[in-house]
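Indexing begins at 1, ligand by ligand and atom by atom, following the structure's order.
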Amino acid sequence: MSKPATEDLNLYHIAKAQFDAAVPFTTKLEGWRGLAEWLFRPERMVEVTLPVEMDDGYVHTFTGYRVLHDSSRGPGKGGIRFHPSVTEDEVTALATWMTWKCALADVPFGGAKGGVRCDPPTLSVREKRRITRRYIAALGDSIGPHRDIPAPDLYTDAQTMAWVYDTYSMMHPGKNNLAAVTGKPLDLGGSEGREAATATGLLLVIQHLIAVGGLPGFNGLNGVTVAIQGFGNVGNHCARLFSQAGAAVVAVSDVAGGIFDPNGLDIARVEVHAKETGSVVQLPGTKPLATNEVLEVPCAILIPAAIETQITAENAPRVQAAVVVEGANGPTTPGADEILQQRGITVVPDILANPGGVVVSYFEWVQNLANTSWADEEVARLLEEKMRRATDVVLATRARLVDGFERYQAAWAAVRPDDPPLPRPTLRIAAHVAALERCRRVAESRGVWP
Ligand code: GLU
């Protein structure tokens, strides 16, 4: 049965376990001794101490991080999160996933991530602004348009990115600094489509998977039941877009709890209620769900779109969905992955499901560098192309791994005779392999400096 007491929830260890599962299937990674370790290790980790004067005059000292995981394919790219759980390990794992995500989505960036350990709901707008400014000032030239480009993540948004831009620009006068940060407001060099991009991309991946037969049993989204954990940027837009696409969004949740309606929620009503009351809970006419119960409701598609390590070995046996689509980064633990696979539940992994945000961030960066702006139809068309290609690459990679499984198994046993048998190639393994092969090719052609 499950192994709740012993499961390791350290995010960096989870990222490593996912990486290790992909290495045996990745061409030449083991052949070139030491390359796997080089690819996994973060390039640079910065920790900053941030004294910030709070509204009551007290000086609170926060801790911030920025990790650049890899810059061989281009400058670092990744969000900034404000959250109590922020640690060096968490930020490093998230930066690592950004490297694979950018490689898989084929945008010319490496991976990075940043965060400040704080509790956003308790902060005033002015306190949040002061934390942002102090953090960006402290990072100095470790960020920049050709070095490492931040964007929104948990509890940060376009307003936060406007402060990031303003602070960076004050420190670099006389230059076009718009490309130093993405996810900015539209009036300040932001891109059409950026806000809903992660959810839009996720929907495109699911639609494409269904269209090419990658999700057996699905013919379309009409009437398909969907449950969504999280009602932030990703969860809220997913709820709206899936219901517009004909799906029945039967459950949504946020930190306060969840709501359920087997006939499908009216998402416009949920949005109004959430805006008025600050939460989705207690919407009249819906059944209340306890925190995390949303992960266990009967549905066809479950979208964890909140935070990491939500589906674990403890609750995975109770998941009732046919497909889990990772809107959040790292919501499923390796223990849960194994259980879901045994139970025949497909997991569409984060690095394939949620790169829509960083893809449109890339479009924003290109527009900023060229001092231009694109129409939303253009952004939508190019996003669709990127998401479809990434999906096709993962499916083709998985087919290759499944076909050659015995060969990979024998080759690995020859190198590591004491290792357990290789896992069956999942979409997560295939996505990692596809990303790793792109990174490996770049490392190989650039060579090791000096
Ligand atoms: N924070 C988002 C992610 O995890 C977006 C990053 C970006 O746009 O750079 O993918």
Side-chain angles (χ1 to χ4, degrees), residues 11 15 65-71 73-83 85-86 90-116 143-158 160-161 164-165 178-185 189-202 205 230 232-235 237-238 304-308 325-331 348-368 379 382-383 386-387 390 431 435:
L11 217 56
Y65 303 93
R66 184 77 189 173
V67 174
L68 172 65
H69 174 257
D70 181 71
S71 66
R73 297 183 63 262
K77 187 83 193 81
I80 293 171
R81 58 170 52 186
F82 286 175
H83 200 262
S85 75
V86 166
E90 183 191 86
V91 174
T92 307
L94 293 159
T96 310
W97 283 322
M98 285 307 300
T99 299
W100 316 144
K101 199 191 292 189
C102 291
L104 185 60
D106 198 18
V107 292
F109 295 129
K113 199 75 157 205
V116 176
I143 57 168
H146 300 287
R147 205 161 264 191
D148 178 354
I149 305 130
D153 199 79
L154 280 186
Y155 287 100
T156 57
D157 55 15
T160 326
M161 298 309 115
V164 170
Y165 167 74
L178 285 173
V181 51
T182 62
K184 302 180 294 297
S191 176
E192 291 287 351
R194 175 62 185 87
E195 205 192 288
T198 308
T200 309
L202 187 146
V205 167
N233 174 281
V234 184
H237 286 294
C238 274
I307 55 171
E308 53 268 14
V325 189
E326 297 185 327
N329 295 309
V348 183
D350 43 12
I351 61 171
L352 171 62
N354 76 28
V358 75
V359 167
V360 179
S361 273
Y362 163 59
F363 298 156
E364 181 174 333
W365 183 75
V366 172
Q367 292 169 71
N368 292 157
V379 172
L382 293 170
L383 174 63
K386 286 278 190 207
M387 301 311 292

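- Taking every heavy atom of both residues into account, A158 and K184 meet most closely at CB-C, 4.1 Å.
- Listed by chain and number, the residues in a side chain to side chain donor-acceptor pair (under 3.5 Å) with H237 are E195, R240 (sequence neighbours excluded).
- Under the 4.0 Å criterion applied to side-chain N and carboxylate O atoms, D148 and R66 are assigned as salt-bridge partners.
- For D70, the side chain to side chain contact (heavy atoms under 4.5 Å, CB included) partners at least two apart in sequence or on another chain are E43, S72, T99.
- Between W97 and L11, some side-chain heavy-atom pair lies under the 4.5 Å cut-off.
- In this structure R81 satisfies the salt bridge (Lys or Arg N to Asp or Glu O under 4.0 Å) test together with E90, D153, E308, sequence neighbours excluded.
- The immediate protein surroundings of ligand 1, defined as residues with any heavy atom under 4.0 Å of it, consist of K77, G78, G79, M98, K101, K113, A151, P152, D153, R194, N329, G357, V358, S361.
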